[in-house]
**Student:** 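Below are the structure tokens for one structure; questions will follow.
All of these numbers come straight from a predicted model, not from anything done at the bench. Note on naming: letters A, B, ... go to the chains in the order of the sequence lines (proteins, then strands), and numbering restarts at 1 for each one. As a basis for the values below, the full set of heavy atoms in this structure was taken, side chains included, without hydrogen atoms, waters or symmetry mates.
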Amino acid sequence: MNELQRKILAILFASGDPIGGDRLAEALDITLEDVDKLLLTLSDWLSDLDMPFEILYLGGQYQLATRRELAPIISAALDTRRAAPLTQASLEVLAIIAYNQPVTRAFIEQVRGVDSSSIVANLTQKGFIEEVDRLDIPGRPIAFGTTPLFLRTFGISDLSELPDPHSFSAQPMPDEDTADAHMPQDPDQMDLEL
Amino acid sequence: MNELQRKILAILFASGDPIGGDRLAEALDITLEDVDKLLLTLSDWLSDLDMPFEILYLGGQYQLATRRELAPIISAALDTRRAAPLTQASLEVLAIIAYNQPVTRAFIEQVRGVDSSSIVANLTQKGFIEEVDRLDIPGRPIAFGTTPLFLRTFGISDLSELPDPHSFSAQPMPDEDTADAHMPQDPDQMDLEL
Amino acid sequence: MGDFEGPLDALLFLISKHKMDIFDIEISQLLAQYMALIEDLSGDELEVASEFLEMAARLVHIKTLALLPRHEEEAERLRSELTGELIEYQVCRQVAAALREMQTPLPHFVRPEQPQPQRPYAHRHDATELARAYLLATGRRQQRMPPPPERFRGIVGRRVVPVSARIRYLLRRLRRHRRMDYNEVFDGGERSERVATFIALLELIKAGRVRLSEDDQHIILNEGALRQYE
């Protein structure tokens with residue numbers, strides 16, 4: 001570990017939160033490429049020493065975090081309650097935001113077909129998403145994007161590592177008996193119940 | 001570094017705060033003497049490796065902290081984050097508080113329609129707002145008001161000097177003048193004061 | 001409402017359960033199954049139910065338009081719009097499932113920020129920025145409150161009004177009077193009854209049994225078109 005790497009490690013350690021490579025470069029008066037290179041070797045060095053923490057790269061930012069296998073002992077010692085797993089609704093909202101950001105709440109609700117404000121508020125509070133800006137469209141709605149915590153939670157470094165959206169597609173249902181089916185002309189089939 | 005030391009280091013790392021030797025002993029199912037001994041050799045090992053952080057021992061509690069000589073570089077890197085200009089979202093929350101104080105967080109969220117707790121916390125930490133009172137309504141919620149730092153930052157000596165927002169009602173709509181609709185980036189307004 | 005995330009979720013369930021083709025939704029069939037589903041589900045959660053009722057109204061609307069000779073195109077447009085939404089939501093659910101798999105059981109722990117000596121905020125702002133931000137936050141605020149549940153009480157009263165009964169009713173009246181005042185037909189009665197009357201009327205017009213007067217004020221019986229319904 002050279003002096004620059006030592007400083008970088010100190011900054012990451014003290015910061016706690018993810019910190020941009022550009023900010024490290026500025027503070028150390030070196031180029032961003034140098035920062036990235038130094039962090040790569042620093043990362044190897046930490047793992048050679050079998051350190052209990054590692055450097056995560058999350059959407060252009062670096063963060064020090066303990067290695068996953070140590071989670072149980074840390075939970076036990078710090079008495080942290082395990083976060084409840086994300087609900088189906090939360091995962092749907094995250095999916096919409098992750099692939100379309102920045103997105104407004106109206107967009108989310110349009111895709112899901114239900115009011116999603118409490119879920120958006122909950123995900124904001126938990127730090128998975130954040131307000132990114134107001135959109136330059138009429139009404140200037142607030143838009144949301146995902147955070148580094150989102151990347152960390154789903155084990156990816158970058159949004160580009162999300163599964164390819166084209167691998168998801170609507171499944172056509174078997175069309176055995178669609179041929180004869182158009183508007184039924186039997187009025188009794190149209191009983192209305194409102 | 002053996003496996004127990006690795007676990008201790010992980011726990012101290014994640015805790016941030018000082019943590020009692022007895023708690024470490026309990027979590028690892030070893031005696032307090034063992035904990036103290038392990039930490040002593042761990043401490044030597046960290047300093048042999050010239051790590052940028054060390055183990056502090058304060059009144060029976062252990063804490064990991066960066067070495068003192070690294071404080072300047074850490075400040076240099078982290079201050080840029082703290083000194084970043086207020087975001088659009090922060091300005092909005094600040095405006096809602098300024099024009100309506102004392103206001104509760106619930107009120108702010110009702111006006112903006114999004115969870116704003118982290119922004120309120122951030123503005124409090126930066127010293128622009130503070131808890132002024134608990135409102136005399138059911139639940140006795142905490143109310144926030146602006147501080148003298150707020151007045152100084154916005155160049156006014158008194159809340160009565162706040163401009164009337166309705167005199168700006170003919171604001172350019174985003175489609176007319178997008179440049180102006182974002183936060184002013186006028187360099188004159190961003191001069192550093194130091 | 002039940003185990004469904006919303007009406008789209010419920011529709012996807014029905015489409016898959018009844019092996020329908022999502023790319024060629026049969027609206028009448030879907031509407032009937034959807035109504036049956038809503039009937040089965042508890043009506044306790046009125047606020048959620050409002051979204052389900054909205055979808056019911058939408059399906060009725062599409063079906064209604066499909067019965068009107070000159071509105072088939074519009075009906076087709078609305079139908080493919082719904083198809084698009086269903087497909088989009090289906091993809092959303094697939095992505096959510098993928099995310100669920102990616103979520104790692106063991107989290108990384110990170111550190112809280114180490115306390116730093118505070119340096120004061122160094123930027124200066126013009127007070128007008130505040131006024132603008134205030135307007136942005138409050139000025140174009142949308143009314144986000146959902147309508148109160150009471151508003152749906154009348155709708156969820158669940159009275160079944162068969163369209164066929166309204167067809168018989170209209171034909172009976174017309175046989176006697178040959179023509180009826182259009183507005184009078186919809187006077188009084190519950191909402192479900194009026195909707196059923198309207199669909200009955202559309203059915204009769206499509207079948208060529210009745211027509212509207214030039215000024216749209218009267219419903220006129222087409223002579224010789226009675227027998228089939230007697």
**Student:** Which one, A/Thr66, A/Asp79, A/Leu28, leads in non-hydrogen pairs under 4.5 Å with chain B?
**Tutor:** A/Thr66
**Student:** Less than 4.5 Å apart, side chain to side chain, heavy atoms only: is that true for A/Glu131 and B/Gln88?
**Tutor:**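 Sidechains of B/Gln88 and A/Glu131: no contact.
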**Student:** Could you list which of residues 7-27 of chain A have a heavy atom closer than 4.5 Å to any heavy atom of chain B, in residue-number order?
**Tutor:** A/Lys7, A/Leu9, A/Ala10, A/Ile11, A/Phe13, A/Ala14, A/Ser15, A/Asp17, A/Pro18, A/Ile19, A/Arg23, A/Glu26, A/Ala27
**Student:** Going by residue number, which parts of residues 95-104 of chain B are within reach of chain A, meaning a heavy-atom gap below 4.5 Å?
**Tutor:**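 Not one residue of residues 95-104 of chain B has a heavy atom under 4.5 Å from chain A.
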**Student:** Return yes if some donor-acceptor pair links the side-chain N/O of A/Arg105 with the main-chain N/O of B/Gly113 below 3.5 Å, else return no.
**Tutor:**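 At least one qualifying donor-acceptor pair exists.
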**Student:** Filter on salt bridge (Lys or Arg N to Asp or Glu O under 4.0 Å), then keep only pairs touching residues 40-57 of chain B, sequence neighbours left out; what's left?
**Tutor:** A/Arg6-B/Asp50, B/Glu54-B/Arg67
**Student:** Under 4.5 Å, heavy atom to heavy atom: which of residues 29-42 of chain B reach chain A? Give them by number, or say none.
**Tutor:**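 Listed by number: none.
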**Student:** Just so I know, are the side chains of A/Leu49 and B/Leu49 near enough to count as touching, which here means a heavy-atom distance under 4.5 Å?
**Tutor:**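 A side-chain contact exists here, since the closest heavy-atom pair is under 4.5 Å.
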**Student:** With respect to chain B, which residue among A/Met1, A/Glu130, A/Met51 yields the maximal number of heavy-atom pairs within a distance under 4.5 Å?
**Tutor:** A/Met51
**Student:** Based on non-hydrogen pairs under 4.5 Å, which of B/Ile119, B/Asp115, B/Val114 is most in contact with chain A?
**Tutor:**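 Result: the option with the highest number of such pairs is B/Asp115.
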